> 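Sharing a structure, written as C-alpha cells. Questions coming.
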Amino acid sequence: MLVASLLATGCQSSSSEVQTEEPEAEQASATLEPLVTEIYTADPSAHVFNGKIYVYPSHDIDAGIPEKDDGSHFAMRDYRVMSMDSVGGKVTLHDVALDIKDVPWAGRQMWAPDATEKDGTYYLFFPAKDKQDIFRIGVATSSSPIGPFKAQPTPIEGSYSIDPAVFKDDNGDYYMYIGGIWGGQLQRWSSGKYNANDEYPADDQPALSPKVAKMSSDLMSFDGEVKDVQIVDKDGKPLLAKDNDRRFFEAAWVHKYNGKYYFSYSTGDTHNIAYAIGDSPVGPFTYQGVILKPVLGWTNHHSIVEQNGKWYLFFHDSSLSGGKTPLRSVKVTELKYNPDGTIQTIDAMVSVDETQKAKS
C-alpha cells in the first residue's frame with residue numbers, strides 16, 4: 001500500500017499551510033489541528049445532509065477513572081454535533097444534542113454514536129449501558145440534524161454491544177452494524193444470550209464477528225435476526241482470533257464505492273483502521289489492508305464520507321490532551337483510492353511529525 005502524506009489546511013486556524021513531500025503517492029488534504037478545541041471529541045461519525053457535513057462524535061470528559069481493559073475510564077454522558085459547509089471551512093460546535101439524564105433506560109457510558117436521515121427525520125443511534133450494566137443500542141429522533149434528540153423509552157429490542165453504524169443502501173434499505181470486544185461486551189454474546197463472563201474463541205478459531213441487522217421501515221427496530229459479518233482472507237478463510245493485526249475489534253463502518261461495499265473497522269490492541277471489500281452489505285468481506293495506521297493514544301476510530309466528489313476520513317487522536325487516551329479530538333484527512341479500488345494507507349503520525357518540524 002502507498003502511504004498518503006497529509007497536508008495541513010487548518011480548519012479553524014489562519015496559520016499558513018505546511019507542504020510535506022510525497023515521493024510515491026498523491027498528497028491528501030488533512031486538518032492536523034482538532035476540528036474543535038472547546039471540548040474533547042472522539043469516535044466521529046460523519047454524514048452529508050442537504051450538502052453540509054455533520055459529525056456525530058463521542059464527548060470525552062476527564063472522569064478521573066484509571067484506565068482499564070473494560071473501558072470504564074470512558075465515562076461520556078452526552079453528545080454534541082459538529083457541522084461545517086465543507087472540509088477546511090468553519091466548524092460549528094452545537095449545543096447538547098442528547099444527555100444521558102434524558103434517556104430513561106440508560107445507566108452510564110454513552111459511547112460512539114451514529115446518525116442517519118429518513119423522510120425529514122434525523123435518527124441518532126447510540127450505545128449505553130443499561131441499569132444492569134449491559135450495553136444496549138438506543139435511538140433518538142429530531143427534526144434537525146443537530147438536535148435536540150428525543151430518546152425512545154427503551155433500547156432497540158435484540159440490540160447489544162457498542163458502536164452502532166447505520167448504512168443506507170442505494171435501494172433504500174438500512175442496515176445497522178454493531179460490536180466491540182473487551183469493554184464492548186461482544187464476547188459475552190457468543191451463545192446468543194448474555195453471559196456475564198468473558199468468553200473468547202481459541203487462537204486457532206475464527207475471530208469474533210461484528211454483527212449486522214436490517215432495520216425496520218421506521219428505523220426503530222431490527223427487521224429480522226442479528227447476523228454475523230464474516231471477514232475472510234484472500235483464500236476465503238475466516239480471520240482467526242490470534243490474527244490481532246487484521247481481525248475485527250470495534251468501530252465498524254460501511255461505505256460504498258464504485259459498486260463495492262467497504263467494511264472498515266478498528267483492530268483494537270494493534271491500533272489500525274483496517275478494511276475489507278464485499279459485494280453485499282451483509283458480507284462476506286475480503287480483507288484488503290490498512291486505511292489508517294496507529295494514532296497517538298490507544299484507540300483508533302473513524303468514519304468515511306464523500307462530499308462533492310472527494311472522500312474524507314474522519315478520525316481522532318489524543319494530541320490535544322498530550323497523549324491521554326480517554327481525552328481525544330476529532331480530525332479529518334482526504335481519503336484516496338488506487339485505480340484498482342484499494343485505499344491508500346494514511347500515516348497521520350508522519351504528518352504530525354513533519355508539521356512539528358516545520359514549526360520549530
Side-chain angles (χ1 to χ4, degrees), residues 43 45 111-114 116 125 127 135-137 156 158-171 173-193 199-201 205-216 219 221-257 259-270 272-291 300-304 341 343:
D43 312 320
S45 292
W111 285 10
D114 193 19
T116 196
F125 300 97
F135 267 117
R136 305 287 185 179
I137 308 299
I156 295 173
S159 68
Y160 53 85
S161 197
I162 61 169
D163 294 353
V166 175
F167 168 74
K168 180 184 178 182
D169 206 352
D170 296 337
N171 64 359
D173 289 340
Y174 291 76
Y175 297 86
M176 179 183 286
Y177 305 84
I178 55 175
I181 62 176
W182 293 16
Q185 300 182 344
L186 185 61
Q187 69 279 359
R188 299 184 180 184
W189 291 92
S190 298
S191 68
K193 295 182 179 180
E199 294 184 355
Y200 299 93
Q205 294 300 306
L208 289 168
S209 297
K211 309 297 180 183
V212 62
K214 188 177 179 182
M215 301 296 293
S216 61
L219 304 186
S221 61
F222 294 152
D223 182 11
E225 62 180 324
V226 178
K227 300 179 180 179
D228 286 348
V229 176
Q230 193 173 41
I231 305 172
V232 300
D233 64 18
K234 295 295 177 64
D235 296 321
K237 296 179 180 179
L239 300 184
L240 301 181
K242 65 182 178 182
D243 192 353
N244 295 52
D245 287 330
R246 299 191 298 173
R247 63 88 172 92
F248 172 83
F249 188 97
E250 62 185 1
W253 187 263
V254 172
H255 74 281
K256 198 171 185 179
Y257 177 76
K260 297 289 187 179
Y261 298 87
Y262 287 65
F263 183 88
S264 48
Y265 57 94
S266 170
T267 60
D269 54 345
T270 50
N272 290 317
I273 297 297
Y275 74 109
I277 297 177
D279 295 317
S280 163
V282 297
F285 297 94
T286 302
Y287 181 87
Q288 301 295 320
V290 172
I291 296 175
N300 208 350
H301 196 123
H302 73 299
S303 60
I304 295 170
I343 296 174

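Because the structure is a prediction, the values reported are computed rather than measured.
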> Would you mind reporting whether D233 and L239 have side-chain heavy atoms less than 4.5 Å apart?
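A side-chain contact exists here, since the closest heavy-atom pair is under 4.5 Å.
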> When rounded to the nearest 0.5 angstrom, what is the spacing between OG1 in T270 and CG in N244?
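Here the rounded value is 6.0 Å.
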> For the backbone of H301 and the side chain of S266, can you confirm whether one donor and one acceptor N or O come within less than 3.5 Å of each other?
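No; judged by distance alone, with no hydrogens or angles, the pair does not exist.
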> Take W253 and D114, measure what side-chain contact (heavy atoms from CB on, under 4.5 Å) needs, and give me the verdict at the end.
CA-CA 10 Å; W253 187 263; D114 193 19; 3.7 Å; yes
> Between A251 and N300, which heavy-atom pair has the shortest distance, and what is it?
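Closest heavy-atom pair between A251 and N300: CB-O, 4.4 Å.
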> Any chance you could measure D223, atom CG, to Y175, atom OH, to the nearest 0.5 Å?
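Answer for the CG-OH pair, D223 versus Y175, is 9.5 Å.
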> Any side-chain heavy atom of F222 sitting closer than 4.5 Å to one from S159?
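F222 reaches S159 side chain to side chain.
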> Rounded to the nearest 0.5 Å, what separates atom CD1 in I343 from atom NE2 in H255?
4.5 Å
> With the threshold set at 4.0 Å, does a side-chain nitrogen-carboxylate oxygen contact exist between K211 and D163?
no
> Out of curiosity, I156 CD1 to I137 CD1, how far, rounded to the nearest 0.5 Å?
7.0 Å
> Check K234 against Y287 and note the closest heavy-atom contact, atom names and distance.
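For K234 versus Y287, the nearest heavy atoms are CE-O, 3.1 Å.
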> Apply side-chain hydrogen bond (donor to acceptor under 3.5 Å, both in side chains) to residues Y261 and K256 and explain how you reach the verdict.
CA-CA 5 Å; Y261 298 87; K256 198 171 185 179; 3.0 Å; yes
> I would like to know whether D173 and K214 meet side-chain contact (heavy atoms from CB on, under 4.5 Å); could you show each step before the answer?
CA-CA 7 Å; D173 289 340; K214 188 177 179 182; 3.6 Å; yes
> Please report the shortest heavy-atom distance between S190 and L208, naming the atom on each side.
OG-CD2, 3.8 Å
> side-chain contact (heavy atoms from CB on, under 4.5 Å) between I277 and Y257: does it pass, once the steps are laid out?
CA-CA 10 Å; I277 297 177; Y257 177 76; over 6 Å; no
> Just verifying a value: how many Å separate D235 CG and T286 OG1, rounded to the nearest 0.5 Å?
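Nearest 0.5 Å value for the CG-OG1 distance: 10.0 Å.
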> Decide yes or no for E250 and I181: does some side-chain heavy atom of the first lie under 4.5 Å from some side-chain heavy atom of the second?
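Counting from C-beta outward, E250 and I181 never come under 4.5 Å.
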> Decide yes or no for P201 and P206: does some side-chain heavy atom of the first lie under 4.5 Å from some side-chain heavy atom of the second?
no
> Just do the side-chain contact (heavy atoms from CB on, under 4.5 Å) check on V254 and V212 with the steps written out, would you?
CA-CA 11 Å; V254 172; V212 62; over 6 Å; no
> Work out which heavy atom in T267 is nearest to a heavy atom in R247; give both atom names and the distance.
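Taking every non-hydrogen atom into account, O-NH1, 2.8 Å.
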> Show the nearest heavy-atom pair for residues A112 and P127, with the distance to one decimal.
O-CD, 3.0 Å
> Are K260 and D279 close enough that some pair of their side-chain heavy atoms sits under 4.5 Å apart?
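With C-beta onward as the side chain, the pair touches.
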> Hey, what's the ring geometry for Y275 with Y262, parallel, tilted or perpendicular (30° and 60° as the breaks)?
parallel
> Using a 4.5 Å cut-off on heavy atoms from C-beta on, say whether the side chain of P281 contacts that of Y177.
yes
> I want to check something: taking the side chain as every heavy atom from C-beta on, are Y265 and F263 in contact at a cut-off of under 4.5 Å?
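A side-chain contact exists here, since the closest heavy-atom pair is under 4.5 Å.
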> So, the side chain of S161 versus the backbone of G180: is there a donor-acceptor pair under 3.5 Å, distance only?
yes
> Are V282 and K227 side-chain neighbours, meaning at least one heavy-atom pair lies under 4.5 Å?
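Not in contact.
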> Can you tell me how the ring of F135 sits relative to the ring of W111, calling it parallel under 30°, perpendicular over 60° and tilted otherwise?
tilted
> What are the two closest non-hydrogen atoms of G278 and F285, and how far apart are they?
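Nearest pair, atom of G278 first, then F285: N-CD2, 3.4 Å.
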